[in-house]
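So the structure is just underneath, and the comments pick up after that.
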Amino acid sequence: MVRELTHFIGGRHVGGTSGRFADVFDPSSGQVQARVPLASADEVRAVIADAEHAQLAWGAANPQRRARVLMRFVDLIKRDIEALARLLSSEHGKTIDDARGDIQRGVEVIEFCIGAPHLLKGEYTSAAGTGIDVYSMRQPLGVVAGITPFNFPAMIPLWKAGPALAAGNAFVLKPSERDPSVPLRIAELFLEAGIPAGVFNVVNGDKEAVDTLLEDDRVKAIGFVGSTPIAHYIYTSAAQHGKRAQCFGGAKNHMIVMPDADLDQVADALIGAGYGSAGERCMAISVAVPVGDETADALAAKLAERVGHLRIGPALAADVDYGPLVSRDAVERVSGYIQTGIDEGATLLADGRGHVVPGHENGFYLGPTLFDHVTTDMTIYREEVFGPVLVIARAADYEEALAMASDHEFGNGVAIFTRDGDAARDFTARVNVGMVGVNVPIPVPIAYHTFGGWKKSGFGDLNQHGPDAFRFYTKTKTVTSRWPSGIKEGASFVIPTMH
Ligand code: NAD
């Protein structure tokens with residue numbers, strides 16, 4: 001039976017009234033399992049009005065009380081993690097272990113946000129002048145919105161909502177229409193944890209909903225994660241409407257393999273980071289850059305051998321390395337890239353097209369694909385493929401490898417595998433990429449640092465989670481006061497200075 005999903009507004013589930021819906025698939029079977037309403041502009045405006053009202057009391061509550069709600073929320077997520085992970089896998093297609101990780105990385109940011117009272121403290125200067133004290137305070141923005149992608153339906157909404165709520169904002173989440181059930185469940189859990197109705201809302205929708213959030217003056221900030229063209233669109237539109245925005249986009253993450261690296265460790269890292277979650281991670285490694293032909297030949301042989309043993313199957317099955325892609329469109333898009341790679345002259349070492357999982361013939365599966373001799377002018381090198389496709393792009397020496405990662409238009413993550421500390425140190429200092437791993441293939445920073453790519457992988461000047469998130473979701477007010485008030489200096493016609 002096809003379930004009909006809702007929005008979550010004002011503390012309750014609300015059916016869609018626009019008459020527009022999108023299908024939600026089970027990618028493992030290829031069947032439609034639910035349909036999600038796509039909100040009209042009027043529906044979105046009603047959510048914003050509700051949120052604006054609810055924010056007043058929430059923003060005025062002391063920060064410790066807000067933090068306690070987040071503490072309870074963490075316990076509730078832990079209570080329900082198995083059911084949440086199953087729900088997530090069934091709509092996204094990632095394995096159940098990976099789904100638990102998706103939720104856990106989100107929870108870690110909520111745990112960090114429990115320390116918000118410390119991060120929301122202002123600064124104070126006493127006796128800056130005669131009887132003058134100066135202090136600053138961080139205040140919530142009001143209503144803020146998060147627009148999130150399909151590939152981390154728990155983690156990214158929690159990365160956005162945690163700091164926004166802890167800072168006293170009301171939050172409107174517009175999750176991906178492809179896997180909206182976990183975000184709706186998160187809304188229920190926030191309510192159960194004690195968040196007042198209307199402070200955390202989920203509005204499902206597409207461009208119409210997003211554009212309404214962008215255009216409405218009552219929404220003060222937009223946090224976006226998704227593909228680069230949409231990230232750029234949202235960043236520029238938000239700016240036009242006078243809003244704050246942080247918009248994170250696509251990626252092409254390189255892994256530099258130095259000749260002294262342990263190639264078995266490298267192969268393990270590349271197989272996991274390249275094919276895990278069917279390559280549908282913004283921090284997936286999609287380009288291996290072995291330095292020197294000897295390293296490249298040995299690495300290509302190891303990868304080709306290992307790729308042949310990968311187990312692909314339904315998301316909820318045991319002993320599966322990765323599950324289906326999110327949609328049939330995604331399978332077709334990635335298959336098109338594989339054909340382009342062949343046409344442009346790359347060497348195909350493994351072809352994942354046409355992969356059939358017995359008993360799940362209509363599922364959205366692709367086997368692992370591996371290319372060698374990929375050059376920097378090829379489409380499969382330049383563009384984000386976002387599927388289980390790993391390419392080997394050989395570099396003659398370290399400087400060439402460094403330049404490849406630095407010159408690529410995306411700058412999300414990068415890794416170097418080496419036993420040479422000098423090379424690693426030089427690489428971390430010089431590479432033009434936002435997040436760097438040294439012998440770590442997926443360098444997603446922990447919750448109390450910040451996450452953000454450079455170049456076309458990120459628009460805006462503040463990153464996600466960590467202290468940056470509290471700067472993004474608050475505005476600073478600075479007060480200059482004089483006590484006793486009766487000091488008389490006569491009228492002054494010059495700008496006050498601290499002389
Ligand atoms: P997407 O850009 O298609 O969708 C992201 C969000 O934008 C969704 O909520 C969607 O409904 C909305 N949207 C889509 N088209 C829109 C339009 N024309 N106007 C307004 N809103 C629109 O991305 P996706 O396919 O859901 O996610 C995969 C992409 O996200 C990949 O490119 C991946 O690299 C990227 N990603 C980046 C990061 C990061 O931190 N840099 C993290 C995860 C995913």
Side-chain angles (χ1 to χ4, degrees), residues 20 22 24 27 36-39 41 44 91-94 102 105-106 109 145-160 172-180 182-183 202-215 222-238 245-253 277-286 325-327 329-330 333-334 337 383-387 408-414 433-435 442-445 450-460 462-466 468-469:
R20 295 194 306 123
V24 178
V36 61
L38 302 175
V44 177
E91 287 186 356
H92 176 284
K94 66 177 71 176
D102 185 330
R105 285 306 294 241
V109 168
I147 299 158
T148 54
F150 81 84
N151 69 326
F152 281 99
M155 180 183 86
I156 294 179
L158 293 177
W159 283 10
K160 304 274 180 217
V172 179
L173 173 65
K174 206 304 284 171
S176 170
E177 59 275 38
R178 286 181 241 169
D179 43 15
V182 167
V202 178
V203 62
N204 286 300
D206 55 5
K207 184 167 168 47
E208 182 170 343
V210 171
D211 284 344
T212 310
L213 291 168
L214 283 168
E215 286 159 18
I222 304 266
F224 172 86
V225 178
S227 58
T228 289
I230 311 296
H232 186 256
Y233 165 72
I234 291 188
Y235 185 66
T236 51
S237 310
Q246 51 170 206
C247 300
F248 299 94
K252 197 79 182 175
N253 305 317
S277 197
E280 291 177 324
R281 291 183 186 136
C282 68
M283 289 294 273
I285 295 287
S286 48
L325 276 72
V326 71
S327 65
D329 282 355
R333 194 196 67 247
V334 177
Y337 272 116
E383 296 184 11
E384 180 182 48
V385 173
F386 219 58
H408 202 285
E409 68 171 358
F410 293 116
N412 212 37
V414 70
V433 172
M435 292 173 281
I442 305 185
V444 176
T450 74
F451 180 109
W454 289 1
K455 299 180 277 182
K456 294 237 168 97
S457 296
F459 305 93
L462 290 170
N463 282 348
Q464 304 188 90
H465 64 69
D468 264 15

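All ligand and atom numbering here is 1-based and tracks the order in the structure.
Comparing Ile156, Ile230, Leu214, Asp179 against atom 17 (C) of ligand 1, the shortest heavy-atom distance belongs to Ile230. Heavy-atom proximity to atom 41 (N) of ligand 1, evaluated over Cys282, Gly249, Pro229, is greatest for Gly249. Taking all heavy atoms of Ser227, Ser286, Pro180 into account, the minimum distance to atom 2 (O) of ligand 1 is reached by Ser227. Of the options Asn151, Asn204, Val385, the smallest heavy-atom separation from atom 43 (C) of ligand 1 is shown by Asn151. Among Glu384, Glu280, Met283, the residue whose heavy atom lies nearest to atom 34 (O) of ligand 1 is Glu384.
The shortest N or O to N or O distance between Tyr233 and ligand 1 is not under 3.5 Å. Backbone and side-chain nitrogen or oxygen atoms of Arg178 are examined, and one is located within less than 3.5 angstrom of a nitrogen or oxygen of ligand 1. For ligand 1, the polar-atom distance check finds no N/O of Phe386 at less than 3.5 Å from any of the ligand's N/O atoms. Polar contact with ligand 1: absent for Phe248 (N/O pair, distance under 3.5 Å).
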- Message: Does Val109 form a side-chain contact (heavy atoms from CB on, under 4.5 Å) with Leu158? I'd like the steps, not just the answer.
- Response: CA-CA 7 Å; Val109 168; Leu158 293 177; 5.8 Å; no

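No heavy atom of Asp206 sits closer than 4.0 Å to any atom of ligand 1. For the pair Val326 and ligand 1, no heavy-atom separation below 4.0 Å is found.
Nearest approach of Val334 to Gly387, heavy atoms of both residues: CG2-CA, 4.0 Å. The two atoms that bring Leu213 and Ile222 nearest to each other are O-CD1, 4.0 Å, heavy atoms only.
For atom 8 (C) of ligand 1, the closest non-hydrogen atom of the protein is Thr148 O, 3.3 Å. Among all non-hydrogen protein atoms, the one lying nearest atom 19 (N) of ligand 1 is Lys207 CG, 3.5 Å.
Neither the backbone nor the side chain of Asp211 comes within contact range of ligand 1; no heavy atom lies under 4.0 Å. When non-hydrogen atoms are compared, ligand 1 lies under 4.0 Å from neither the backbone nor the side chain of Ala231.
For the pair Val210/Lys174, a side-chain contact is recorded, criterion being any heavy-atom separation below 4.5 Å from C-beta on.
When atom types are taken as modelled, the side chain of Gln246 and the backbone of Gly460 share no donor-acceptor pair closer than 3.5 angstrom.
Stacking of Lys94 on the aromatic ring of Phe152 is recorded, both the 6.0 Å distance cut-off and the 45° axial limit being met.
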